[in-house]
Engineer: 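The structure that follows is given in the form of structure tokens.
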Protein chains: 2
Amino acid sequence: MAALKYSRQREAIKEFLLSRKDHPTADMVYTSLREEYPNLSLGTVYRNLSLLADRGEILRLRVGDGTDHFDADVSPHYHFICTGCGSVIDLEMENIDQIEDIAGVNFNGQIYGHVTYFYGKCGACCKRELS
Amino acid sequence: MAALKYSRQREAIKEFLLSRKDHPTADMVYTSLREEYPNLSLGTVYRNLSLLADRGEILRLRVGDGTDHFDADVSPHYHFICTGCGSVIDLEMENIDQIEDIAGVNFNGQIYGHVTYFYGKCGACCKRELS
DNA sequence: TCTAATATCAGTAATCATTACTGTTTATTC
DNA sequence: GAATAAACAGTAATGATTACTGATATTAGA
């Protein structure tokens with residue numbers, strides 16, 4: 001893997017992602033960083049997010065709302081998407097990699113990985129509906 | 001749920017999906033049906049696919065390649081996406097709904113469902129790489 | 001069966017997220 | 001400190017999808 005040339009923009013993008021737990025989209029990254037870097041370009045945000053995702057430094061989440069979300073936490077974990085407010089929340093749960101073995105039983109190819117998203121109502125939305 | 005007015009186009013779209021096992025995209029539906037219905041509109045295809053998906057008559061699959069795929073088989077089953085050729089294949093596997101219980105252990109909201117895609121090399125791509 | 005009401009259609013324009021292009025700036029190397 | 005090339009800002013282009021508009025076709029009622 002070729003070495004990257006340092007850039008303040010990429011550094012700021014990764015710093016920003018590390019500081020957040022809410023899995024921002026490219027546009028959210030752009031809008032937020034614009035305050036500190038007024039002439040940051042949206043193309044730069046997209047290019048660096050893809051670059052970092054390709055290198056495995058961040059995760060690209062396709063949660064189904066049509067726009068990609070990003071996560072700087074690359075440790076194995078799962079995500080929950082609230083159908084009420086759309087928020088993307090980390091789940092702390094035990095490993096379920098055995099589902100790949102289950103899926104492979106009647107399959108004649110090779111399974112290398114899986115992506116799972118859980119859907120429902122988040123705690124805040126549940127609470128709001130009660131009142 | 002309001003009753004739908006019959007339309008030959010919607011009928012043809014659903015018939016087409018039922019006849020296929022390869023989970024076509026909107027554009028694939030449009031291109032194929034155009035042979036029989038030369039003045040079918042792409043907008044009609046999109047509108048009816050969304051309509052059918054909203055009513056639960058078909059499934060919308062967001063496999064991660066940027067375009068939605070559709071499946072007329074609404075019985076519970078899982079999908080495999082080949083990273084070699086991009087094909088979307090049905091998996092015959094035992095139920096893994098218990099992962100929702102596992103996910104809910106340390107979570108303060110309600111989990112109503114999950115979406116799982118398995119990734120890897122399909123049988124044909126495995127074979128091709130050997131030769 | 002005829003007609004009115006309206007859902008659906010075809011065709012096209014608009015939107016949105018994302019990517020590609022171009023000339024300029026900036027980090028690295030010597 | 002100058003040469004090289006990666007990365008940038010700004011903008012144009014792309015591709016999937018949605019929205020709009022006037023025409024057509026299905027359904028319900030007379």
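What you see is a predicted model, and the numbers here were worked out from it, not measured in a lab. Here is the naming used below: chain letters follow the sequence lines, and residue numbers restart at 1 for every chain.
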Engineer: List in chain and number order the residues that pass side-chain contact (heavy atoms from CB on, under 4.5 Å) with Y46(B), two or more places apart in sequence or in another chain; answer none if no residue qualifies.
Structural biologist: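 For Y46(B) the side-chain contact (heavy atoms from CB on, under 4.5 Å) partners, ignoring immediate neighbours, are A26(B), L42(B).
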Engineer: Compile the donor-acceptor pairs under 3.5 Å between side chains in residues 59-66 of chain A and protein atoms, sequence neighbours left out, one pair per line.
Structural biologist:
residue, atom, partner, partner atom, Å
R60(A), NH1, D68(A), OD2, 2.8
R60(A), NH2, S50(A), OG, 3.0
R62(A), NE, D68(A), OD1, 3.0
R62(A), NH1, G64(B), O, 2.3
R62(A), NH2, D68(A), OD2, 3.1
D65(A), OD1, T67(A), N, 3.0
D65(A), OD2, H69(A), NE2, 3.0

Engineer: Just the atom pairs and distances: protein N or O near nucleotides 28-30 of chain C's N or O, under 3.5 Å.
Structural biologist:
residue, atom, partner, partner atom, Å
dT28(C), OP1, Y6(A), N, 3.3

Engineer: Expected output is a numbered-order residue list: members of residues 34-41 of chain B with a heavy atom under 4.0 Å from any atom of DNA chain C. What is it?
Structural biologist: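 Correct list: R34(B), N39(B), L40(B), S41(B).
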Engineer: Return each pair, listed once, that meets side-chain hydrogen bond (donor to acceptor under 3.5 Å, both in side chains) where at least one residue sits in residues 98-110 of chain B; pairs must be two or more places apart or across chains.
Structural biologist: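 side-chain hydrogen bond (donor to acceptor under 3.5 Å, both in side chains) check on residues 98-110 of chain B returns E100(B)-H114(B).
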Engineer: I'd like the 5' and 3' limits of the part of DNA chain D contacted by chain B, with heavy-atom contacts below 4.0 Å.
Structural biologist: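 Result: dA16(D) to dT27(D).
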Engineer: Taking side-chain contact (heavy atoms from CB on, under 4.5 Å) as the definition, give me every residue that meets it alongside S7(A), ordered by chain and number, with sequence neighbours left out.
Structural biologist: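 So S7(A) forms a side-chain contact (heavy atoms from CB on, under 4.5 Å) with Q9(A), R10(A).
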Engineer: Which residues satisfy the salt bridge (Lys or Arg N to Asp or Glu O under 4.0 Å) test with E129(A), sequence neighbours excluded?
Structural biologist: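 For E129(A), the residues satisfying salt bridge (Lys or Arg N to Asp or Glu O under 4.0 Å) (neighbours in sequence not counted) are K121(A).
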Engineer: Check each residue of residues 53-70 of chain A for a non-hydrogen atom within less than 4.0 Å of any atom in DNA chain C, then write out the ones that pass by number, or none.
Structural biologist: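 Going residue by residue through residues 53-70 of chain A, the ones with a heavy atom under 4.0 Å of DNA chain C turn out to be G66(A), T67(A), D68(A).
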Engineer: Applying side-chain contact (heavy atoms from CB on, under 4.5 Å), can you list everything that pairs with S19(A), at least two apart in sequence or on another chain?
Structural biologist: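 Testing S19(A) for side-chain contact (heavy atoms from CB on, under 4.5 Å), a comparison that skips the adjacent residues, returns F16(A).
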Engineer: Could you list the residues that satisfy side-chain hydrogen bond (donor to acceptor under 3.5 Å, both in side chains) with D90(A), not counting sequence neighbours?
Structural biologist: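 Residues passing side-chain hydrogen bond (donor to acceptor under 3.5 Å, both in side chains) with D90(A): H23(A), H77(A), H79(A).
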Engineer: Please give me every residue in residues 7-32 of chain B whose heavy atoms get under 4.0 Å of an atom in DNA chain C, ordered by residue number.
Structural biologist: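 S7(B), Q9(B), R10(B) - these, ordered by number, are the residues of the stretch whose heavy atoms sit under 4.0 Å from the strand.
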